[in-house]
Asks: 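The structure is given below, and queries will be raised subsequently.
The figures here come from the full heavy-atom set of this structure, side chains too, leaving out hydrogens, waters and symmetry mates. Start at 1 and go down the list; that is how both ligands and their atoms are numbered. Owing to the predicted nature of the structure, the values given are computational and were not obtained by experimental measurement.
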Amino acid sequence: MTYTICYVSSASRELENNELENLFYEVQTNNDDADITGVLLYYYGNFLQVLEGEKDILLDLFESIKKDKRHKNIITIFNKQNEHRIFEGYKSGFSIVKTKSDLKNLKEYLNKTKDTTPFSTSVLGLLEPFLI
Ligand SMILES: Cc1cc2nc3c(=O)[nH]c(=O)nc-3n(C[C@H](O)[C@H](O)[C@H](O)COP(=O)(O)O)c2cc1C
């Protein structure tokens with residue numbers, strides 16, 4: 001069993017490239033250290049994030065994320081125990097989706113895993129608006 005949190009949000013304002021790079025760096029480093037897998041996607045002012053890991057760590061982290069002034073309108077889509085992690089085998093566990101090609105890779109990966117992990121299908125559905 002693992003714990004999964006998935007939400008969407010919108011950036012509070014247009015973030016400069018270096019602000020985004022700083023955020024991505026912070027997220028990637030912290031998550032690697034805390035054994036958190038998942039993805040963070042930023043597309044035209046909106047975030048989509050999937051976080052997988054140990055329950056207490058994720059719930060604490062989500063509290064900090066919700067208070068973060070860099071985004072707003074946080075809508076939680078999934079916040080519960082999950083059978084297994086789906087991003088463990090993707091990139092090095094946690095990855096930032098920045099380009100169309102990252103998005104295409106992610107979609108291919110989720111399509112491959114959806115037979116064994118139904119949650120992949122849900123994430124694929126959420127990605128649809130980001131894929132146009
Ligand atoms: C959209 C978004 C996603 C974030 N995702 C993470 C994350 O996955 N891991 C993380 O450590 N911090 C993430 N952060 C940063 C946290 O909100 C927070 O700045 C960081 O955990 C440090 O919090 P602390 O100062 O309370 O320790 C994210 C921030 C934003 C705006």
Asks: Considering only non-hydrogen protein atoms, determine which one is nearest to atom 24 (P) of ligand 1 and report residue, atom name and distance to 0.1 Å.
Replies: S64 OG, 4.5 Å
Asks: Does E108, at its CD atom, have more than 12 non-hydrogen atoms belonging to other residues, nucleotides or ligands within less than 6.0 Å?
Replies: yes
Asks: List the atom of N73, the atom of S10, and the distance in Å for their closest heavy-atom pair.
Replies: ND2-OG, 3.1 Å
Asks: In terms of relative ring orientation, are H71 and Y7 parallel, tilted or perpendicular, with 30° and 60° separating the classes?
Replies: perpendicular
Asks: Starting from atom 21 (O) of ligand 1, find the nearest protein heavy-atom neighbour and note its residue, name and distance.
Replies: L61 CD1, 3.7 Å
Asks: Can you report which non-hydrogen protein atom sits closest to atom 15 (C) of ligand 1, along with the distance?
Replies: D68 OD2, 3.6 Å
Asks: If the condition is side-chain hydrogen bond (donor to acceptor under 3.5 Å, both in side chains), which residues does Q28 pass it with, not counting sequence neighbours?
Replies: D32
Asks: Heavy atom to atom 3 (C) of ligand 1, shortest distance: which of Y7, F94, F24 holds it?
Replies: Y7
Asks: Would atom 11 (O) of ligand 1 count as contacted, meaning some protein heavy atom under 4.0 Å?
Replies: yes
Asks: Does some non-hydrogen atom of the protein lie less than 4.0 angstrom from atom 27 (O) of ligand 1?
Replies: no
Asks: Could you say whether the N/O atoms of H71 and ligand 1 ever approach to under 3.5 Å?
Replies: no
Asks: Taking atom types as modelled, find out whether E88 and T37 have a side-chain donor-acceptor pair closer than 3.5 angstrom.
Replies: no
Asks: Starting from atom 13 (C) of ligand 1, locate the nearest protein heavy atom and write down its residue, its atom name and how far away it is, to 0.1 Å.
Replies: V27 CG2, 3.6 Å
Asks: Please determine if E26 has a nitrogen or oxygen closer than 3.5 Å to a nitrogen or oxygen of ligand 1.
Replies: yes
Asks: Quick one: do V50 and F47 end up in the same hydrophobic cluster if we chain Ile, Leu, Val, Met, Phe, Trp and Tyr together by side-chain heavy atoms under 4.5 Å apart?
Replies: no
Asks: Keeping E52 on the side-chain end and I86 on the backbone end, is there a donor-acceptor pair under 3.5 Å?
Replies: yes
Asks: Taking T2 for its side chain and R85 for its backbone only, find out whether a donor-acceptor pair lies under 3.5 Å.
Replies: no
Asks: Taking 4.0 angstrom as the limit and counting only heavy atoms of L51, give me the atoms of ligand 1 inside it, by number and element.
Replies: 8 (O)
Asks: Quick test: of every protein heavy atom, which one is nearest to atom 9 (N) of ligand 1, and how far off is it to 0.1 Å?
Replies: N31 OD1, 2.8 Å
Asks: Hey, is atom 17 (O) of ligand 1 under 4.0 Å from any protein heavy atom?
Replies: yes
Asks: Which of the atoms of ligand 1 are close to N30, meaning less than 4.0 Å from one of its heavy atoms?
Replies: 10 (C), 11 (O)
Asks: How does I65 reach ligand 1, by side chain, by backbone, by both or by neither, if only non-hydrogen atoms under 4.0 Å count?
Replies: both
Asks: Judged on heavy-atom distance to atom 30 (C) of ligand 1, which of L15, L58, L23 sits nearest?
Replies: L23
Asks: Kindly compute the distance separating CG (L58) from CG (N79), expressed to the nearest 0.5 Å.
Replies: 8.5 Å
Asks: Near R70, which atoms of ligand 1 are under 4.0 Å from a heavy atom of that residue?
Replies: 15 (C), 19 (O), 31 (C)
Asks: Does atom CG of N17 have more than 12 heavy-atom neighbours, drawn from other residues, nucleotides or ligands, at distances under 6.0 Å?
Replies: no
Asks: How many angstroms lie between CG in L40 and CG in L48, if you round to the nearest 0.5 Å?
Replies: 8.0 Å
Asks: Who gets closest to atom 4 (C) of ligand 1 by heavy atom: K66, E63, Q49?
Replies: Q49
